[in-house]
Undergrad: 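First the structure, which I've put down as structure tokens, then a few questions once you've had a look.
Within every chain, numbering begins at 1; the chains are lettered A, B, ... in the order of the sequence lines, protein sequences first and strands thereafter.
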Amino acid sequence: MTDPYVPQEIEPKWQQRWEADGIYRAVVDPDRPKFYYLTMLPYPSGDLHIGHWYAMTPSDAQARYYRMRGYNVLFPMGFDAFGLPAENAAIKHGIHPREWTYANIERMRRQLRSMGAMFDWEREAVTCDPEYYRWNQWFFLKFYERGLAYRARAAVDFCPSCNTTLAREQVWGEERVCERCGTPVVKKDLEQWFFKITAYAEELLDFSQIEWPERVVTMQRNWIGRSEGADVIFRSEEGDEIEVFTTRPDTLWGATFMVLAPEHPLVEKLTTPEYREAVEAYQYQAARQSEIQRLALDKEKTGQFIGAYAINPVNEARIPIWIADYVLMTYGTGAIMAVPAHDERDFEFALKFGLPVIPVIAPPSGQAKSVLRAGSYREGLTEALREAGFAFEEADGDLQVTLDEADRERYIALVRSYLKPGTWTEVVGAGWAFVFADGPVMNVGSIEEERRILERCQELDPAVQAKRTVAELLWDQAFYRDLLFHDAYERMINSGPLTGTPGEEAVRRTTAWLEEREVGKAAVNYRLRDWLISRQRYWGTPIPIVYCPECGTVPVPEEELPVLLPEDVDWRPTGENPLRYHEAFLHTTCPRCGGPAHRETDTMDTFVDSSWYQYRYLSPDYDQGPWDPEEGAYWLPVDQYTGGIEHATMHLLYTRFFTKVLRDLGLVDFDEPMLRLYNQGTVLGEDGEKMSKSRGNVVAPDDLVEQYGADTVRAYLMFFARWDQGGPWDSQGIKGPRRFLEDVWRLVLEPVDPAQAEATPTEEQVRVLRRKTHQTIKRCTEDMEAFAFNTYVAALMEFRNVLQEAKRTPVAGSEAWEEAIETLLLLMAPITPHIAEELWVRTGRPYSIHQQRWPTWDEAIAAEETFTLVIQVNGKVRDRVEVPVGISEEKAREIALASEAVRRRLNGREPKRVIYVPGRLVNVVV
RNA sequence: GCCGGAGUGGCGGAACAGGCAGACGCGCGCGACUCAAAAUCGCGUGGGCUUGGCCCAUGUGGGUUCGAUUCCCACCUCCGGCACCA
């Protein structure tokens, strides 16, 4: 009797043996090609989650695969050990964050070992070790020297629950919640430290050197948000420069007002006394509004005139200055020129507040519209219009005419002679013309003209006396509405010297024109903001800065690093940073003048730690630099990185930025930290929802290992879904992989029936088995390369099914059988390393299976001899015939036409067409 | 609103340079073993019908094609990201 499969016994045994033998130790070996395989490091929360297993075990399988393929693979692990939970635990339970963190790390190391992964533990790095964060400080100083770390006062996002500021990337979604705890953030005006990631905005948009998922690339691209346009300098009447950024310099002549962000620094100065009160009220309300997250979804525009005017530099037009919260201080210059005719938001604003609209770009349709109001024209006009070929419709006596822009003059001439005295009509198209019966044709081409037209209309018609602008007057005619606003790139009109410039040249020529006159220049603007790294918390890396009353802001000298986090601190129940009250930490001497000074008490965002951990892993004990350059020269950069998508615009952006700075510091000689990236999906609870303690749908890996063994858990995680998709956990489904392992156990260990063992297999039996063996190697190899772990396991299961059959035939025990078993075990080694090793060694093969070469397949052996020729009639399968692989087209057609099913449908007729797809099918078209 | 991704049996999922839809697994049904149950083994398992055969089936409706889960158009639903970005 074969002993049963007891993973609880064999798994710890092999884990210890592998570790004792150091078989996963990766050392620099210039003779072998290296492969740096990295998976995101966990936060030591206390317990390994099934999500960690889901992230790490398929990565481990692939790392093992590369190893078997002959690469020198480095697969390290560490802990992202600074952060809030440790500090919250301290406040709540009185345990020091250090103690809490290191105890958790100890526990998680044990749990990680139970995975049976090939981590090289001698490379482990823990980010809260002073020997780690010392280098965070060192990098900070380097950044500071280069002007890449700076302190500034700014309106920043603050999480009231975490009691600290956050980077823009760490505020999520429409509700603007804290990435960590989900609490809505508030704005605060604070002095904070920033890393100047915007200096690398352009380079960060270049993804040409990395193979990353399109999804991540798109998210980063959108996050950086590059737009091209021009900076234009407007001036207040008093001469203050007001710079705006616009992507549409070609619409400059249509700027009829300016809008500043409510918190724009010039507002204070420009506001006239009679508007001061109203402006301050608006500013107060706007600030409050952003705190309430503007939850009211009505996007109704609000704003306030500040009493001042600006001069449009292209036409000297005097335009009012407003403030409104739809202009953001954080984008561009915090001020805009408003072109209501060609910007939807400005249009809405202008209509609401009665600001003039001047069209300066011809509409894309090339059409114009005109309304002749009932009673404003004499008899015979309809006939005349018809005769002249103008299309129109009658609506309540009004005539609504749609004409080609080219016919504008002809139309005006015709209509004029029919207008009754004291009336007018409009032509709205490329420009808006007013045709007065007893006066000139007037064009809405400037603010003055707009005024004059409005006044004249009001004189003639009391009904329009309440209208504040021509646009408002025209808006009343629903027929005109689609022509009053558009944002197409088209021919410029009403634009002084540039009138007539075609759409495709408009932006470029206007920009050149601005540059000549020195009132503007081409500019690129980014949505990306600098990375706010200050955190008002204890459990993080102290920022190595000292404030001296004499010398100001002074960096701590390199040789004084690390600035140690003091141990003996008093916890504040509010979560307020205890460093601020730690006298010994706070008070220091100025490194420059030796006088009394005090330390910066903010600590760094923990994303600083994870921005370069892949380098520290190489030599976690090295003290001459952040890492040993010799190790770096061999292992870097990371060849394959795996982890969750949630870091797309945080960690994954920061680490790219960091690497580019390190390159500019001369520390690395490449541009990108991770050449290839793959994002796994998420394991959901059995109810299909995100796993959470409150839902009670959490799956604990320790229990699963206890019940099924690590190999089963690994195999199931790789089998149950596509890795990049993830899906709900199924406590029934895990039985499949467990049965698979038990079947393999018996398949390999239970002796073959002597009757079969002694019998000689037929050539056919041998050929069929070997074919399956080689086909399986091929499938598994391709699946492994493609991260298709689910079909990889499926292929192994299929192989198992075939072997179970074969074991009952004389092929069992043959050479082909041995080849099959050996192959099976080798292919299982990356997925289920323990059972593979156990069976490998038990069958007398040399330890360790994890030091064997990956099997190769022979195409000739893997090749099928026959295939199922599908016979279709009109595209529907009607018959199937097994035929040799090399069958000629002629022969295939013959077989198909001879098929009973085909003959019945043909019914003596000739087929219309016969389509032959080699190796697949014949389709008879009747 | 904009930008991505996805909709396939009872369930998880296979198969897409256009060519046998449902690999593999779970579950379920029947049978064997058992006093019995579990475990295990064998067989079956998309739906329907007038069942030696035929019809319908890959979110919905169209289209291209000899042939569409795969390509094109429109729409619906779900998930993710962004959201007054000038």
Undergrad: Anything under 30° is parallel, anything over 60° is perpendicular, the rest tilted; go ahead and classify A:F245 against A:Y331.
TA: perpendicular
Undergrad: Which part of the nucleic acid, if any, lies within reach of A:V327 when heavy atoms closer than 4.0 Å are counted: base, sugar-phosphate only, or nothing?
TA: base
Undergrad: Under 6.0 Å from the ring centre and within 45 degrees of the ring axis: does the NZ or CZ of A:K301 meet both conditions for the six-membered ring of A:Y326?
TA: yes
Undergrad: Using whole Å, report how far CD of A:Q732 lies from C1' of B:C28.
TA: 12 Å
Undergrad: Taking the C1' atom of each, how far is B:G4 from B:G10, in whole Å?
TA: 32 Å
Undergrad: Taking atom P in both B:C41 and B:G47, compute the distance separating them and give it to the nearest angstrom.
TA: 25 Å
Undergrad: Just verifying a value: how many Å separate A:E169 CD and A:E179 CD, rounded to the nearest 0.5 Å?
TA: 10.5 Å
Undergrad: Salt bridge between A:R168 and A:D157, side-chain N to carboxylate O under 4.0 Å?
TA: no
Undergrad: Not counting sequence neighbours, which residues clear side-chain hydrogen bond (donor to acceptor under 3.5 Å, both in side chains) with A:E894? List them please.
TA: none
Undergrad: Could you pull out all residues at least two apart from A:K690 that satisfy side-chain contact (heavy atoms from CB on, under 4.5 Å)?
TA: A:R695
Undergrad: Within this structure, what is the NE2-to-P distance between A:H647 and B:G80, rounded to whole angstrom?
TA: 17 Å
Undergrad: How should the glycosidic conformation of B:G29 be described, syn or anti, under the criterion that syn lies within 90° of 0?
TA: anti
Undergrad: Could you tell me how far B:C71 sits from B:U58 if I compare only their P atoms? Round to whole Å.
TA: 15 Å
Undergrad: A:Y654: what forms a ring pair (Phe, Tyr, Trp, His ring centres under 6.0 Å) with it, not counting sequence neighbours?
TA: A:W531, A:F607
Undergrad: For A:N874 and B:C66, what is the distance between atoms CG and P respectively, to the nearest whole Å?
TA: 11 Å
Undergrad: Would you measure the distance from the C1' atom in B:G62 across to the matching atom in B:A68 and give it in whole Å?
TA: 14 Å
Undergrad: I'd like the C1' distance from B:C78 over to B:C72, given in whole Å.
TA: 24 Å
Undergrad: Describe the nucleic acid contact of A:N801 in one word from base, sugar-phosphate, nothing, applying a heavy-atom distance below 4.0 Å.
TA: sugar-phosphate
Undergrad: Generate the contact string for nucleotides 2-21 of chain B. Rules: B means base contact, S means sugar-phosphate contact only, - means no protein heavy atom under 4.0 Å.
TA: ----------BSS----BBS
Undergrad: Restricting to side-chain contact (heavy atoms from CB on, under 4.5 Å), what partner residues turn up for A:D743, sequence neighbours left out?
TA: A:R746, A:R800, A:Q804
Undergrad: By nearest heavy atom, map A:R345 and A:M797 onto RNA chain B; which one lands nearer the 5' end?
TA: A:M797
Undergrad: Measure from CH2 on A:W223 to C1' on B:A83 and round the result to the nearest Å.
TA: 11 Å
Undergrad: For a quick check of understanding: with a heavy-atom distance under 4.0 Å over all strands, which category does A:G733 fall into, base, sugar-phosphate or nothing?
TA: sugar-phosphate
Undergrad: Using whole Å, report how far CE of A:M219 lies from P of B:C82.
TA: 6 Å
Undergrad: Taking the P atom of each, how far is B:G9 from B:U69, in whole Å?
TA: 14 Å
Undergrad: Checking all strands, does A:S227 fall into the base, sugar-phosphate, or nothing category for heavy-atom contacts under 4.0 angstrom?
TA: sugar-phosphate
Undergrad: Please check the phosphate of B:G81 (OP1 and OP2 only) for any side-chain N or O of A:R221 closer than 4.0 Å.
TA: no
Undergrad: Rounded off to whole Å, could you give me the CD1-to-P distance for the A:I224 and B:C82 pair?
TA: 14 Å
Undergrad: Could you check A:N525 against A:Q804 and say which one's nearest nucleotide on RNA chain B is further toward the 5' end?
TA: A:Q804
Undergrad: Check this one for me: any side-chain N or O of A:R529 less than 4.0 Å away from OP1 or OP2 of B:C85?
TA: no
Undergrad: Using atom types as modelled and distance alone, determine if a side-chain donor or acceptor of A:T57 lies under 3.5 Å from a backbone N or O of A:Y54.
TA: no
Undergrad: Using Watson-Crick pairs (N1 to N3, plus N6-O4 or O6-N4) and G-U wobble pairs, both distances under 3.5 Å, which stems of at least 3 pairs involve RNA chain B?
TA: B:1-7 with B:76-82, B:10-12 with B:24-26, B:27-32 with B:40-45, B:46-49 with B:53-56, B:59-63 with B:71-75
Undergrad: Rounded to whole angstrom, note down the P distance from B:G29 over to B:G46.
TA: 16 Å
Undergrad: Check side-chain hydrogen bond (donor to acceptor under 3.5 Å, both in side chains) between A:K772 and all other residues, then give those that pass, not counting sequence neighbours.
TA: A:E798
Undergrad: What integer number of Å spans the P atoms of B:U77 and B:C28?
TA: 36 Å
Undergrad: Please lay out, stage by stage, how A:D343 and A:R248 fare under the test salt bridge (Lys or Arg N to Asp or Glu O under 4.0 Å).
TA: CA-CA 9 Å; A:D343 180 284; A:R248 294 300 303 269; over 6 Å; no
Undergrad: Parallel, tilted or perpendicular for A:F789 and A:W723, by the 30°/60° rule?
TA: perpendicular
Undergrad: Specify the separation, in whole Å, of atom CZ of A:R226 and atom P of B:A86.
TA: 13 Å
Undergrad: Partners of A:F485 by ring pair (Phe, Tyr, Trp, His ring centres under 6.0 Å), sequence neighbours excluded?
TA: A:F347
Undergrad: Please list, by residue number, the residues of residues 735-746 of chain A whose heavy atoms come closer than 4.0 Å to an atom of RNA chain B; answer none if no residue qualifies.
TA: A:K735, A:G736, A:R739, A:D743, A:R746
Undergrad: Considering all heavy atoms of both residues, which atom of A:V793 and which atom of A:M718 are nearest to each other, and what is their separation?
TA: CG2-CB, 4.3 Å
Undergrad: Without decimals, in angstroms, what is the distance between A:F349 CZ and B:A86 C1'?
TA: 14 Å
Undergrad: Quick test of your reading: applying side-chain hydrogen bond (donor to acceptor under 3.5 Å, both in side chains), list the pairs with at least one residue in residues 712-722 of chain A, sequence neighbours left out, ordered by first then second residue.
TA: A:D60-A:R714, A:R722-A:D724
Undergrad: On a plain distance test, is the side chain of A:K301 in donor-acceptor contact with the base of B:C84 below 3.5 Å?
TA: yes
Undergrad: Tell me which donor-acceptor pairs under 3.5 Å the side chains of residues 916-926 of chain A have, and how far apart each pair is, sequence neighbours excluded?
TA:
unit_1, atom_1, unit_2, atom_2, d
A:N923, OD1, A:N874, N, 3.4
A:N923, OD1, A:G875, N, 2.9

Undergrad: Base, backbone or nothing for each nucleotide of nucleotides 49-57 of chain B, written B, S, -, heavy atoms under 4.0 angstrom, 5' to 3'?
TA: -----SSS-
